[in-house]
Amino acid sequence: SMSPFEYNTYTEDDIKIRYSVRTSDEDYMRAAHRFLQKLMKEFARLSMKCYRPEYEAYNMPFYYSERRLDSVVLPALSNICDGMVLTEMPVERKERKTGEVIGSGHGRADYWCIFDGYTFVIEMKGSHARVGNYIIRKNSVVKRWKSLVDQLESEKDECYESQETTKGIIRLGLHFLTNVDYEQPTEEKITAYRRTINDRMNDMYDRIHKEYNSPKYDPSYAAAWMVPDEIAQLFDDETDYGVILLAKIFRDIKHKNHV
């Protein structure tokens, strides 16, 4: 594997997360990693609240479409940023090389928030990645990852204009991957998934790295929430193993009013 990641485990109550350890001591990287650790814990904690036997309600947000993830990601961000979060923040998109405005020029960053003295501009994607073999469909992960990074790249100029007095602006790409297969759940398969989780995250890194062969596209962070057995085995004909988060952390931009 070409993946530079080393992993630690976080466990609390019935939440178990594997996450990649920070390798750089730069201040913006420390802030981004703290942010991502907290985000993944909150994502898991809030998702667990959707598992409600007393109502026979088991609509886990990660089962569904990308926008459904918003129902846990937004409150998670609100919790870790003490309410300092906005969705659909207007940004002007420009073609990097020519300075030409893309489309109407006005896109929307998925989230904008302030954490640890930094502004975070966040784009998010969600996909389903089937488990059972290591073959991940190119489109679902690799191509969507590129579009996520390119989108954040196109927002660079806009970031310089920001007025708030923070230490800098960190652009962050989040790709949540729900790991699922459409067969009967078994303890053996779930155990095997958990045992090979580092390999799975490394494999995603390697695929992206090989495809684009540019540090710009290399993921900066990976984490996996291993869902508890009762959620993994909710359905007879489907196994929901967990959610992997791949993140891209851009170097902070010292914007107009940075401190």
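- Applying the ring-ring contact (aromatic ring centres under 6.0 Å, His included) test to every pair with at least one member in residues 161-185, sequence neighbours left out, gives these pairs: Phe43-Phe176.
- Partners of Phe235 according to the ring pair (Phe, Tyr, Trp, His ring centres under 6.0 Å) rule, which considers only residues two or more places apart in sequence or in another chain, are Tyr63.
- A donor atom on one side chain and an acceptor atom on the other are found under 3.5 Å apart for Glu164 and Thr119.
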### Task
Show your working on salt bridge (charged side-chain N to carboxylate O under 4.0 Å, His left out) between Asp110 and Lys125 and close with a plain yes or no.
CA-CA 10 Å; Asp110 290 332; Lys125 291 198 183 301; over 6 Å; no

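- Figure legend: Lys248 and Tyr217 shown without cation-pi pairing, the cationic atom not lying both under 6.0 angstrom from the six-membered ring centre and within 45 degrees of its axis.
- Looking at Ser20, its side chain does come within 3.5 Å of a backbone N or O of Ala222 through a donor-acceptor pair.
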### Query
How far apart are the C-alpha atoms of Tyr241 and Asp181, what are their side-chain angles, what is the distance that settles it, and do they pass the side chain to side chain donor-acceptor pair (under 3.5 Å) test?
CA-CA 8 Å; Tyr241 294 92; Asp181 77 26; 2.7 Å; yes

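- Side-chain atoms of Tyr51 and Asn59 include no donor-acceptor pair closer than 3.5 Å.
- A donor-acceptor pair under 3.5 Å is absent between the side-chain atoms of Arg171 and the main chain of Gln151, judged by distance alone.
- Pairs of residues two or more places apart, or lying in two chains, that qualify as salt bridge (charged side-chain N to carboxylate O under 4.0 Å, His left out) and include a residue from residues 4-23 are Arg22-Asp25.
- No more than 12 heavy-atom neighbours from other residues, nucleotides or ligands sit within 6.0 angstrom of CD on Glu56.
- Asp252 and Lys167 are not joined by a salt bridge, as no carboxylate oxygen comes within less than 4.0 angstrom of a charged side-chain nitrogen.
- Under a 3.5 Å cut-off, the side chain of Asp206 and the backbone N or O of Met2 do form a donor-acceptor pair.
- Taking the six-membered ring for Trp and the full ring otherwise, Tyr19 and Tyr10 have centroids separated by 6.0 Å or more.
- One finds a salt bridge joining Asp150 and Lys146 here, because a Lys/Arg side-chain nitrogen approaches an Asp/Glu carboxylate oxygen to under 4.0 Å.
- Glu238 and Gln184 are not linked by any side-chain donor-acceptor pair at a separation below 3.5 angstrom, with hydrogens and angles left out of the test.
- Defined by atom type and a distance below 3.5 Å, a donor-acceptor pair is missing between the side-chain atoms of Glu188 and Tyr193.
- A donor-acceptor pair under 3.5 Å is formed between the side chain of Thr186 and the backbone N or O of Lys189.
- Only one option out of Trp145, Tyr7, Phe5 pairs with Tyr205 in a ring-ring contact (aromatic ring centres under 6.0 Å, His included); it is Phe5.
- The backbone N or O of Arg30 lies less than 3.5 Å from no partner atom in the side chain of His33, so there is not a single donor-acceptor pair.
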### Query
Does the side chain to side chain donor-acceptor pair (under 3.5 Å) test come out yes or no for Glu230 and Tyr58, once each step is laid out?
CA-CA 10 Å; Glu230 66 271 20; Tyr58 310 106; over 6 Å; no

